[in-house]
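Taking it in order: structure first as structure tokens, then the write-up.
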Amino acid sequence: MSDISNPLDDPTSDPFELAADAAADIARLTGVDRHDIALTLGSGWGKAADLIGETTATIPATEVTGFSKPALAGHVGSLRSILTPTGRRVLVIGARTHYYEGHGVRRVVHSVRTAAATGARTMVLTNGAGGIKAGWKPGQPVLISDHINLTGDSPLEGATFIDLTDLYSVRLRDLARRIDPTLDEGVYCQFRGPQYETPAEVRMAKTIGGSIVGMSTALEAIAARQAGMEILGFSLITNMAAGIQTTPLSHHEVIEAGREAEPVISALLARVIGEL
Ligand code: 8IG
């Protein structure tokens with residue numbers, strides 16, 4: 001599984017030095033020295049980049065230290081630098097590495113650490129996910145209020161004790177709700193994947209306080225907090241979780257729900273970014 005050409009896989013390497021190298025690559029390739037905001041686009045959120053502002057540079061992720069090609073078709077392997085109408089620089093990460101790819105958590109959080117090294121103080125994390133909460137419908141965006149990390153892993157190495165109270169910024173959630181007062185919120189449970197949950201696992205997630213199930217974001221949010229960033233998280237509910245919906249889950253269904261919701265949630269996200 002391991003890609004020996006990725007320097008993050010060398011156990012003697014320093015992931016923060018490699019993030020600084022990656023940020024230098026981004027500055028050189030985009031011509032933008034510092035970014036203010038970073039945005040990771042998950043399934044269904046891809047169109048948002050076009051609405052945020054003027055794309056001043058698009059670079060293949062493979063040109064940037066430590067980034068690897070995405071495992072899935074439909075996940076775009078590029079980085080974009082966008083200039084908003086208010087003059088802010090947004091780094092759009094269309095190249096998330098998922099934990100289930102098996103490259104280890106350093107590779108999963110490298111984009112977040114790189115974003116921090118470019119100067120970004122705000123990290124906006126988006127994903128497609130399964131919904132547990134009664135009344136939610138596929139195609140609905142929700143705010144992430146907190147998470148439960150069920151991967152059994154962490155991006156933190158050694159005795160690095162980091163406070164996660166208010167991990168998903170109350171200030172930024174309030175800001176998002178001023179733009180769309182109908183936004184509900186929920187606790188995101190990150191499962192390892194890549195298989196979807198069993199109905200029993202979804203009942204467990206619900207019992208322990210979860211309302212969203214997914215395969216990303218929690219590990220990234222921890223790394224973003226370690227880097228001192230303010231975090232905003234959005235899930236697009238593309239399907240109700242296994243056992244909540246009675247029909248089997250399919251990747252195709254998830255992509256379809258994302259495609260249908262894309263214009264609406266992209267406009268919402270662009271408005272939120274405009275207010276950050
Ligand atoms: I899209 O139902 C999407 N991603 N774990 N469960 C998990 N991840 C998901 C799901 C889901 N839907």
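Quick caveat: nothing in here was measured; it's all calculated off a predicted structure. Counting starts at 1 for both ligands and their atoms, in listed order.
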Identify, chain by chain and in numerical order, each protein residue with a heavy atom under 4.0 Å from an atom of ligand 1. G128, A129, G130, Y196, E197, V213, G214, M215, T238, N239, L249, V254

The side-chain contact (heavy atoms from CB on, under 4.5 Å) partners of E17 (sequence neighbours excluded) come to D14

Looking at every non-hydrogen atom in both residues, tell me the closest pair between Q190 and Y99 and how far apart they are. NE2-CB, 4.2 Å

Please list all pairs passing the ring-ring contact (aromatic ring centres under 6.0 Å, His included) test where one or both residues lie in residues 180-214, with sequence neighbours left out. none

Full working for salt bridge (Lys or Arg N to Asp or Glu O under 4.0 Å) between R121 and D36: CA-CA 6 Å; R121 307 311 307 145; D36 303 302; over 6 Å; no

Which residue is it: L269, L83, I37, I273? I am looking for the one with a side-chain contact (heavy atoms from CB on, under 4.5 Å) to I52. I273

Can you name the residues that form a side-chain contact (heavy atoms from CB on, under 4.5 Å) with T198, not counting sequence neighbours? A200, E201

